[in-house]
Amino acid sequence: MLAADGYLFATPENLAAMSGLMKDFFDRCYYPALDRLNGRPYAAMIGAGSHGTSAARQIIRIATGWRLREVAAPLIICTKAQTPEEILAPKTLSPEDQAECTGLGTALATGLAMGVF
Ligand SMILES: Cc1cc2nc3c(=O)[nH]c(=O)nc-3n(C[C@H](O)[C@H](O)[C@H](O)COP(=O)(O)O)c2cc1C
């Protein structure tokens, strides 16, 4: 975290929350990194079956505490997985969704490389 110039946080939304693994990552890093990341750019992408906004809200709240700078609105990719069978099945994103994810990563990387942020 300390060595990075910017951050792209990516998680599924499970039970109206970010993944447990990502939460554990934030739990472990939050206080050791507090006041050492101020102003660095970040964006977030969420894979969701139907919503995604709760996980996005949680990430924004943590990033705000870290004083990170949001450089794009959270990108929510809806896989429309609703039933247990659909949720447990492997998923392939549409080319359009993949392009949106690539676009967000490219925009963040390009902005960093050009010193825009
Ligand atoms: C335990 C569990 C809880 C879930 N809860 C939500 C939820 O609250 N909101 C939502 O939009 N999708 C929910 N989903 C659906 C996932 O977000 C969906 O499967 C999405 O595609 C996640 O990425 P994955 O395909 O890599 O699992 C849940 C999935 C699981 C397994």
Side-chain angles (χ1 to χ4, degrees):
M1 284 301 290
L2 298 180
D5 296 317
Y7 311 95
L8 181 51
F9 300 119
T11 178
E13 175 168 284
N14 290 339
L15 303 178
M18 69 180 80
S19 72
L21 205 59
M22 176 162 272
K23 176 64 164 47
D24 176 66
F25 158 76
F26 282 127
D27 286 350
R28 285 181 292 108
C29 293
Y30 188 80
Y31 282 104
L34 190 61
D35 281 331
R36 303 170 77 183
L37 312 174
N38 297 11
R40 296 187 194 181
Y42 88 95
M45 52 172 76
I46 320 290
S50 53
H51 294 95
T53 50
S54 299
R57 207 163 29 245
Q58 291 178 330
I59 292 173
I60 289 171
R61 191 164 178 178
I62 292 165
T64 302
W66 261 340
R67 309 282 189 269
L68 299 180
R69 188 148 53 97
E70 185 185 76
V71 296
L75 172 59
I76 296 174
I77 299 294
C78 188
T79 60
K80 300 187 180 64
Q82 305 273 342
T83 65
E85 291 74 22
E86 289 169 347
I87 282 176
L88 295 177
K91 300 167 196 73
T92 305
L93 297 186
S94 69
E96 293 77 19
D97 284 344
Q98 290 186 38
E100 284 217 67
C101 296
T102 304
L104 180 57
T106 303
L108 183 62
T110 305
L112 282 168
M114 294 176 66
V116 171
F117 305 130

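First listed ligand is number 1; within each ligand, the first listed atom is number 1. Residue numbers count from 1 along this sequence.
Ranking the protein heavy atoms by distance from atom 4 (C) of ligand 1 puts L15 N, 3.3 Å first. Atom 8 (O) of ligand 1 has A16 N, 2.7 Å as its closest protein atom, hydrogens excluded (heavy atom only). Among all non-hydrogen protein atoms, the one lying nearest atom 11 (O) of ligand 1 is H51 N, 2.7 Å. Among protein heavy atoms, atom 14 (N) of ligand 1 sits closest to E13 O, 3.3 Å. The protein heavy atom nearest to atom 27 (O) of ligand 1 is K91 NZ, 3.8 Å. In terms of protein heavy-atom proximity, atom 31 (C) of ligand 1 is closest to I87 CG2, 3.5 Å. In this structure, atom 30 (C) of ligand 1 lies nearest to the protein heavy atom N14 OD1, 3.5 Å. At the shortest separation from atom 12 (N) of ligand 1 among protein heavy atoms lies G49 N, 3.1 Å.
A search for ring pair (Phe, Tyr, Trp, His ring centres under 6.0 Å) contacts involving F25 returns nothing, not counting sequence neighbours.
The shortest distance between side-chain heavy atoms of R69 and Y42 does not fall below 4.5 Å. In this structure, the side chains of V71 and V116 stay at 4.5 Å or more apart for every pair of heavy atoms. Contact annotation: the side chain of L37 approaches that of L2 to within less than 4.5 Å [non-hydrogen atoms, C-beta and beyond].
The shortest non-hydrogen separation linking Q82 to I87 is O-CD1, 3.8 Å. Across all non-hydrogen atoms, the minimal contact from M18 to Q58 is N-OE1, 2.8 Å.
Atom 25 (O) of ligand 1 lies below 4.0 Å from at least one non-hydrogen atom of the protein.
The atoms of ligand 1 that sit less than 4.0 Å from any heavy atom of P12 are 22 (C), 23 (O). In summary, the atoms of ligand 1 found under 4.0 Å from a heavy atom of A48, numbered by their order in the structure, are 11 (O), 17 (O), 20 (C). Within ligand 1, the atoms closer than 4.0 Å to a non-hydrogen atom of T79 are 18 (C), 20 (C), 21 (O), numbered from 1 in the order shown.
Side-chain heavy atoms closer than 4.5 Å link hydrophobic residues (I, L, V, M, F, W, Y) into clusters, and following such links, even through other members, never connects I59 to L15. No continuous path of ILVMFWY side-chain contacts below 4.5 Å connects W66 to F117, so the two sit in separate hydrophobic clusters.
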